[in-house]
There are 2 protein chains.
Amino acid sequence: MASPRTVVADAAARKLVSRTGRASSAPRLGLVPAVQRLPLDEILVGDCIEAMNRLPASSVDCVFADPPYNLQLGDASLMRPDQSRVDAVDDDWDKFASFASYDSFTRDWLTACRRVMKPNATLWVIGSYHNIFRVGSALQDLGFWILNDIVWRKANPMPNFRGKRFTNAHETLIWASRSAESKGYTFHYDALKGGNEDLQMRSDWFIPLCTGDERLKGADGNKVHPTQKPEALLARTLLSATNPGDVVLDPFFGTGTTGAVAKLLGRRFIGCEREEVYAEAARRRIDAVVPLSRAALLVAPTKRAEPRVPFLSVVEAGHLKAGDVLTDERRRFKATVRPDGQLDVGVAIGSIHKVGALVQGLPACNGWTFWHAERAGKLVVIDTYRAKLRAVMGAAG
Amino acid sequence: MASPRTVVADAAARKLVSRTGRASSAPRLGLVPAVQRLPLDEILVGDCIEAMNRLPASSVDCVFADPPYNLQLGDASLMRPDQSRVDAVDDDWDKFASFASYDSFTRDWLTACRRVMKPNATLWVIGSYHNIFRVGSALQDLGFWILNDIVWRKANPMPNFRGKRFTNAHETLIWASRSAESKGYTFHYDALKGGNEDLQMRSDWFIPLCTGDERLKGADGNKVHPTQKPEALLARTLLSATNPGDVVLDPFFGTGTTGAVAKLLGRRFIGCEREEVYAEAARRRIDAVVPLSRAALLVAPTKRAEPRVPFLSVVEAGHLKAGDVLTDERRRFKATVRPDGQLDVGVAIGSIHKVGALVQGLPACNGWTFWHAERAGKLVVIDTYRAKLRAVMGAAG
DNA sequence: CGGCTAGGTGAATCTGACA
DNA sequence: ATGTCAGATTCACCTAGCC
């Protein structure tokens with residue numbers, strides 16, 4: 001479990017990944033070399049770039065990365081490409097060297113991530129003003145396509161003790177797809193809107209810091225990791241941009257917030273972590289997580305995902321008859337239903353959408369919500385009949 | 001450096017400004033060559049880099065820059081759900097051939113700014129995710145020292161019409177000093193705190209868009225400039241980081257919000273603007289500004305709307321857990337809390353309001369007062385949890 | 001004058017299935 | 001790759017006009 005080379009043989013538990021970007025339901029043991037199997041729900045201890053380079057290409061659905069932030073403190077985690085340590089610096093040349101080595105490091109891990117991302121996978125990176133501009137630029141240079149920047153507004157930030165600056169009360173996340181052509185990325189628009197009082201979820205999120213019981217403490221009572229992120233933050237990202245069963249890669253796993261939340265939410269994870277101390281804390285933490293029930297994780301069907309119903313089927317089912325006259329909500333326009341499922345508005349014949357657009361002089365129109373039928377003196381929107389057909393179709397399996 | 005040949009010859013010119021970073025109050029005409037005099041409260045029409053290179057070095061106290069964002073919009077125009085067309089920013093001045101050319105442009109104007117900044121001057125830049133990472137990286141590369149990144153949270157952002165991303169509800173400002181050694185920059189910590197109900201001013205600011213009477217309109221009734229910034233945003237930056245009498249340089253002056261607010265607050269300005277149309281509108285606008293009295297130059301307390309709390313935040317905060325069962329006051333209906341902040345009533349999944357209305361057969365319902373949780377055998381209305389979160393959010397607006 | 005409704009608008013990298 | 005077309009998609013303000 002601890003070794004980066006650990007490969008667990010139970011491939012059935014591990015859903016091999018097809019090239020189309022979806023987990024195949026049938027395991028294909030024997031067809032794929034062992035090295036190509038995904039080490040799901042494991043922590044790969046060691047250098048994250050080496051670890052990622054051993055994973056098969058196009059194999060993960062999402063990446064969450066919380067890379068080292070700090071450029072100026074000589075952080076031990078920041079290494080030059082030649083593996084020498086970057087020292088604390090105070091003159092311009094060293095500053096440049098420090099930025100350059102951080103940029104190089106950033107390009108390297110982002111490149112490794114990009115290779116293992118499926119075509120429609122997305123990547124999240126969190127950072128502060130110390131590093132986020134470097135990361136964002138590198139992302140764009142490598143061909144990632146930024147979808148949003150998200151502001152994590154901290155409920156309880158550390159005050160600025162010296163009174164020389166504004167209280168640093170937020171961090172920034174970048175959400176990006178693999179490329180500008182990745183149009184099919186996962187985004188649970190409707191679920192987010194439903195959890196936000198039926199308003200679109202905005203790019204500014206208000207979430208408390210990770211404190212209290214959630215914060216991992218060592219035997220000495222000190223926090224195990226200096227920058228443990230709140231589970232609520234990870235939960236919102238994974239609920240937004242992944243489906244149950246999706247594979248989430250975290251190249252800077254730390255104490256495993258990504259893994260804990262992934263397990264809780266029925267996602268799979270792959271973590272990379274250089275420090276065995278953190279990895280061990282993460283393992284214990286994740287073992288204790290009890291996943292939510294499948295029912296709680298069901299993705300509610302969205303309008304977009306519902307089966308298409310031809311208007312002709314509404315006529316065939318008898319909800320409307322050839323010759324029936326439809327109108328709009330304000331009874332400004334009239335159209336006659338034809339037996340072939342088109343509408344006749346006198347000057348033209350066409351689909352419910354086409355003629356709806358035509359009579360209004362608009363470039364487009366959703367005929368299902370525009371046209372109404374007269375029923376007992378009241379107007380009934382024809383989308384009602386589509387809904388009835390869909391209910392029947394659902395019952396039929 | 002844009003032009004290595006640009007050298008300010010006359011050291012006496014720099015005496016126009018003292019080393020403490022304050023403009024001298026007495027003009028010293030005759031001692032300074034004409035070319036070295038600061039064109040105070042003027043708009044320099046033309047290329048901003050050339051204009052800045054003609055200014056004496058170390059002569060301005062503050063820079064506010066609203067550069068082109070380099071939006072990379074597709075060819076197709078974006079339609080609202082009502083089929084009206086979104087008025088996109090498609091002006092020529094926002095077109096760049098590549099990231100490289102945008103970076104080059106950014107380095108050039110930042111370099112020119114840096115030369116004219118006094119040692120303790122600070123610079124503000126505003127941008128969106130399209131360009132702010134490029135700008136931030138360039139800043140750091142050129143030796144600027146980032147003091148804060150500030151999030152302008154828009155009260156009324158444009159929605160995401162296609163439901164494909166989070167509502168882009170903020171822009172980012174970077175506040176930077178000329179170098180890491182610039183320790184004596186201006187920051188009115190106490191005034192800001194006093195204007196913020198005695199709480200430190202945070203890095204996230206909630207300010208409405210520039211609309212209504214404040215928005216400059218042409219004779220045709222159309223907006224003069226596509227991206228006019230709100231005066232409240234400029235006011236907070238100038239009150240934070242300049243003193244009365246300070247010189248504020250704006251290399252992308254547009255319709256002169258920086259100048260109007262500078263005059264209002266008793267600061268001097270220098271504007272650069274390439275388009276005479278914008279410059280002329282700015283002149284007329286600034287002429288009409290009546291400066292505030294000195295006493296009025298304190299930070300006006302901002303009225304705060306009661307913060308909206310997503311139901312998802314109640315779940316994230318742990319007041320309710322995924323799987324918890326809610327009911328109404330008379331225990332007629334049951335609903336299960338989902339991890340995404342929606343409720344599941346078996347036949348449907350949706351917001352607390354939607355499913356509350358659904359189970360009652362009503363057109364609408366306030367879910368906050370309808371749904372209750374069972375706590376120690378008693379029912380607790382979920383609005384209780386919203387109130388708790390609002391108490392936490394109070395400080396943060 | 002007030003209340004109500006209808007309409008307009010803001011820095012936007014904004015569809016997807018199928019032929 | 002390109003074209004066609006079904007059909008899904010908006011929040012907080014502000015102004016104008018009507019009663």
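What you see is a predicted model, and the numbers here were worked out from it, not measured in a lab.
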Toward the 5' end of DNA chain C, by each residue's nearest nucleotide, B:G163 or B:W93: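 Its nearest nucleotide being more 5', the pick is B:W93.
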
5′-ward residue of the pair A:W145/B:N222 relative to DNA chain C: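 Whichever sits nearer the 5' end wins; that is B:N222.
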
Which base, if any, makes a Watson-Crick or G-U wobble pair with [N], both distances under 3.5 Å?
N      : result
D:dC13 : C:dG8
D:dG7  : none
C:dC14 : none

Whether A:F187 and A:W175 hold their rings parallel, tilted or perpendicular, with breakpoints at 30° and 60°: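 Ring orientation of A:F187 relative to A:W175: tilted.
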
Out of [options], whichever nucleotide has its closest atom nearest the side chain of [X]:
X      : options                : value
A:Y189 : D:dA6, D:dT10, C:dG10  : D:dT10
B:M158 : D:dG7, C:dG10, D:dT10  : C:dG10
A:K354 : D:dT9, C:dC14, D:dA6   : D:dA6
B:Q72  : C:dT13, D:dT10, C:dA11 : C:dT13
A:K193 : C:dG10, D:dA6, D:dC11  : D:dC11
B:L73  : C:dA11, C:dA12, D:dA8  : C:dA12

B:M79 vs B:N156, nearer the 5' end of DNA chain D by closest nucleotide: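 Taking each residue's closest nucleotide, the earlier one in sequence belongs to B:M79.
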
5' precedence on DNA chain D between A:S351 and A:D190 (nearest-nucleotide basis):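 Closer to the 5' end of DNA chain D: A:S351.
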
Phosphate contact (C:dG16 OP1 or OP2) by B:K164 side-chain N/O below 4.0 Å: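 True: B:K164 side-chain N/O within range (under 4.0 Å) of C:dG16 OP1/OP2.
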
Same-atom distance (C1') from D:dC19 to C:dC1, integer angstrom: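 Here D:dC19 and C:dC1 have their C1' atoms 12 Å from each other.
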
[X] near the nucleic acid: base, sugar-phosphate alone, or nothing, with a heavy-atom cut-off under 4.0 Å?
X      : result
B:D213 : sugar-phosphate
B:A88  : base
A:N366 : base

